[in-house]
Engineer: 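Have a look at the structure that comes next, please.
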Amino acid sequence: MVIIALDFPNKEEVIGFLKKFDDEKLFVKVGMELFYACGPEIVKEIKAMGHNVFVDLKLHDIPNTVKGGMKSLAGLGADMVNVHAKGGIKMMQEAYSAFDGMDKKPLMIAVTELTSTSQEMLNNELLCNEKIENMVIHHALNAKKAGLDGVVCSPLEVEGIKKACGKEFITVTPGIRLKTNSLDDQVRVTTPLDARKIGTDYIVVGRPITKASDPVKAYKEIRKDFLGL
């Protein structure tokens with residue numbers, strides 16, 4: 001599945017972008033920029049248009065606070081939500097418990113290491129001497145212990161996570177670029193075709209689609225590379 005990152009500053013640009021896709025049902029990501037600008041109602045509006053929504057807020061705080069935040073998100077109808085794995089197993093468990101009793105729970109995933117994180121940053125800025133691949137797998141194993149459905153990771157770590165956590169454990173991978181695209185602020189990236197070959201479940205693509213001269217064409221090209229459709 002291809003998830004389009006709606007990295008827009010306001011509702012008008014979002015609605016204008018989505019209308020270009022006619023009646024096609026999309027899976028889109030509402031991140032911090034859009035959610036903080038427009039509030040929870042933007043999720044409801046996009047859902048009302050018939051699209052699936054990944055609410056990407058990367059909640060990371062003490063367990064009780066994160067649980068409360070997730071309870072606030074529970075009524076929006078999101079199809080996917082996330083927390084930061086660095087909050088620990090207890091925090092992730094509390095976050096997931098916010099959806100107890102719901103008939104249809106969203107997929108809950110945990111962010112491992114951001115795709116903008118390099119080995120140099122990990123060592124020199126964060127004072128962690130572990131290899132980044134090992135850190136990502138460790139976070140993934142904690143997320144699985146907490147009962148989550150999967151993790152966000154770079155495409156480069158998918159194989160190791162699937163081996164450690166099982167093929168059914170979901171991997172959601174940003175950092176996707178076509179060979180003709182700029183890397184922007186991403187470090188650990190790959191192409192949609194390569195992401196398909198390594199077996200990831202979802203790819204998140206923003207600027208290569210939203211900033212394209214023809215977003216619909218760019219989306220279909222990326223979807224074809226990733227899904228073979």
Side-chain angles (χ1 to χ4, degrees), residues 1 3 5 27-32 35 43 52-74 76 78-100 102 104-118 121-122 126 128 130-176 186-190 195 198-206:
M1 183 73 71
I3 302 175
F27 204 134
V28 299
K29 180 174 79 71
V30 173
M32 294 180 186
F35 192 90
V43 178
N52 291 328
V53 181
F54 168 24
V55 179
D56 175 26
L57 298 181
K58 302 179 181 69
L59 300 189
H60 184 186
D61 210 309
I62 63 173
N64 190 59
T65 297
V66 170
K67 181 178 181 178
M70 278 298 175
K71 282 186 175 180
S72 296
L73 296 177
L76 300 182
D79 301 277
M80 183 182 290
V81 294
N82 66 356
V83 296
H84 213 301
K86 290 185 177 180
I89 294 174
K90 176 65 174 177
M91 188 206 76
M92 290 188 278
Q93 289 173 330
E94 288 294 300
Y96 198 69
S97 73
F99 297 97
D100 286 350
M102 288 183 61
K104 184 183 178 183
K105 295 182 181 181
L107 293 171
M108 184 176 288
I109 58 178
V111 176
T112 54
E113 294 289 342
L114 301 175
T115 52
S116 59
T117 301
S118 65
M121 181 192 297
L122 194 67
L126 304 180
C128 176
E130 188 62 74
K131 289 184 177 179
I132 196 165
E133 295 85 357
N134 296 340
M135 285 294 298
V136 168
I137 291 173
H138 179 69
H139 290 319
L141 286 168
N142 281 345
K144 185 175 182 180
K145 289 177 184 176
L148 271 59
D149 300 292
V151 292
V152 181
C153 64
S154 102
L156 306 182
E157 291 110 26
V158 170
E159 186 177 358
I161 289 172
K162 293 288 188 180
K163 184 176 180 180
C165 300
K167 291 184 178 180
E168 73 286 350
F169 194 68
I170 294 169
T171 53
V172 179
T173 55
I176 303 296
Q186 306 279 8
V187 175
R188 299 173 358 261
V189 302
T190 195
I198 61 179
T200 196
D201 301 289
Y202 297 82
I203 58 173
V204 180
V205 187

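By convention here, the first residue in the shown sequence is residue 1. We use all heavy atoms of the structure for the numbers below, so side chains are in, but hydrogens, waters and symmetry mates are not.
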Engineer: When you look at Leu76 and Phe35, which way does the side chain to side chain contact (heavy atoms under 4.5 Å, CB included) test go after all the steps?
Structural biologist: CA-CA 12 Å; Leu76 300 182; Phe35 192 90; 4.2 Å; yes
Engineer: Enter the distance from Glu130:CD to Leu122:CG here, rounded to the nearest 0.5 Å.
Structural biologist: 8.5 Å
Engineer: I need the full list of side chain to side chain donor-acceptor pair (under 3.5 Å) pairs touching residues 79-88, with sequence neighbours left out, sorted by first then second residue.
Structural biologist: Lys47-Asp79, Asp56-Asn82, Lys86-Glu113
Engineer: Return the minimal non-hydrogen interatomic distance between Met135 and Cys128, and the atom names on each side.
Structural biologist: SD-SG, 3.6 Å
Engineer: Are the side chains of Val43 and Val55 in contact, using a 4.5 Å heavy-atom criterion?
Structural biologist: yes
Engineer: To the nearest 0.5 Å, how far apart are CG in Leu114 and OG in Ser154?
Structural biologist: 11.0 Å
Engineer: Give a yes or no answer on whether the side chain of Lys90 reaches the backbone of Pro63 with a donor-acceptor pair at less than 3.5 Å.
Structural biologist: no
Engineer: Measure the shortest side-chain to side-chain distance between Thr117 and Ile132 over non-hydrogen atoms and say whether it is less than 4.5 angstrom.
Structural biologist: yes
Engineer: Got Leu148 and Val83 here, is their nearest side-chain heavy-atom distance under 4.5 Å?
Structural biologist: yes
Engineer: Output, in order, the C-alpha distance, side-chain angles, deciding distance and verdict of side chain to side chain contact (heavy atoms under 4.5 Å, CB included) for Met80 and Val172.
Structural biologist: CA-CA 11 Å; Met80 183 182 290; Val172 179; 4.2 Å; yes
Engineer: Does the Lys162 side chain pair with the main chain of Lys167, one donor and one acceptor, at a distance under 3.5 Å?
Structural biologist: yes
Engineer: Please determine whether a side-chain nitrogen of the Lys or Arg among Asp149 and Lys105 lies less than 4.0 Å from a carboxylate oxygen of the Asp or Glu.
Structural biologist: no
Engineer: Where is the tightest heavy-atom contact between Lys29 and Ala5, given as atom of each residue plus distance?
Structural biologist: CE-CB, 3.6 Å
Engineer: Do any N or O atoms from the side chain of Ser97 and from the backbone of Lys67 form a donor-acceptor pair under 3.5 angstrom?
Structural biologist: no
Engineer: Side chains of Phe27 and Val53: closer than 4.5 Å at any heavy-atom pair?
Structural biologist: no
Engineer: Does any non-hydrogen side-chain atom of Val81 lie less than 4.5 Å from one of Met70?
Structural biologist: yes
Engineer: Which heavy-atom pair separates Ala110 from Ala85 by the least distance, and what is that distance?
Structural biologist: CB-CB, 3.9 Å
Engineer: Show the nearest heavy-atom pair for residues Ala164 and Leu141, with the distance to one decimal.
Structural biologist: O-CD2, 3.7 Å
Engineer: Would Glu159 and Lys163 pass as an ion pair if we require N to O under 4.0 Å?
Structural biologist: no
Engineer: Could you check whether any side-chain heavy atom of Val151 comes within less than 4.5 Å of a side-chain heavy atom of Ile109, counting everything from C-beta outward?
Structural biologist: no
Engineer: Any donor and acceptor pair, going by atom type alone, linking the side chain of Thr200 with main-chain N or O of Thr171 inside 3.5 Å?
Structural biologist: yes
Engineer: Should Thr173 and Tyr202 be marked as a side chain to side chain contact (heavy atoms under 4.5 Å, CB included) after you check the CA-CA gap, both sets of side-chain angles, and the distance that decides it?
Structural biologist: CA-CA 6 Å; Thr173 55; Tyr202 297 82; over 6 Å; no
Engineer: Show the numbers, then the answer: is there a side chain to side chain contact (heavy atoms under 4.5 Å, CB included) between Leu73 and Leu57?
Structural biologist: CA-CA 10 Å; Leu73 296 177; Leu57 298 181; 4.2 Å; yes
Engineer: Check whether Glu94 reaches the backbone of Met91 with its side chain - one donor and one acceptor, N or O, closer than 3.5 Å.
Structural biologist: no
Engineer: Please name the pair of heavy atoms, one in Ala146 and one in Met92, separated by the smallest distance, quoted to 0.1 Å.
Structural biologist: CB-CB, 3.6 Å
Engineer: Would a 4.5 Å heavy-atom cut-off, applied to side chains only, mark Met1 and Asp201 as touching?
Structural biologist: no
Engineer: Roughly how far apart are Ile3 CD1 and Ile203 CD1, rounded to 0.5 Å?
Structural biologist: 9.0 Å
Engineer: Would you say the side chain of Ile161 lies within less than 4.5 Å of the side chain of Phe169, judging by non-hydrogen atoms?
Structural biologist: yes
Engineer: Apply side-chain contact (heavy atoms from CB on, under 4.5 Å) to Ile62 and list each qualifying residue two or more places apart in sequence or on a separate chain.
Structural biologist: Thr65
Engineer: Closest approach of Val158 and Cys153, non-hydrogen atoms and distance?
Structural biologist: CG2-SG, 3.9 Å
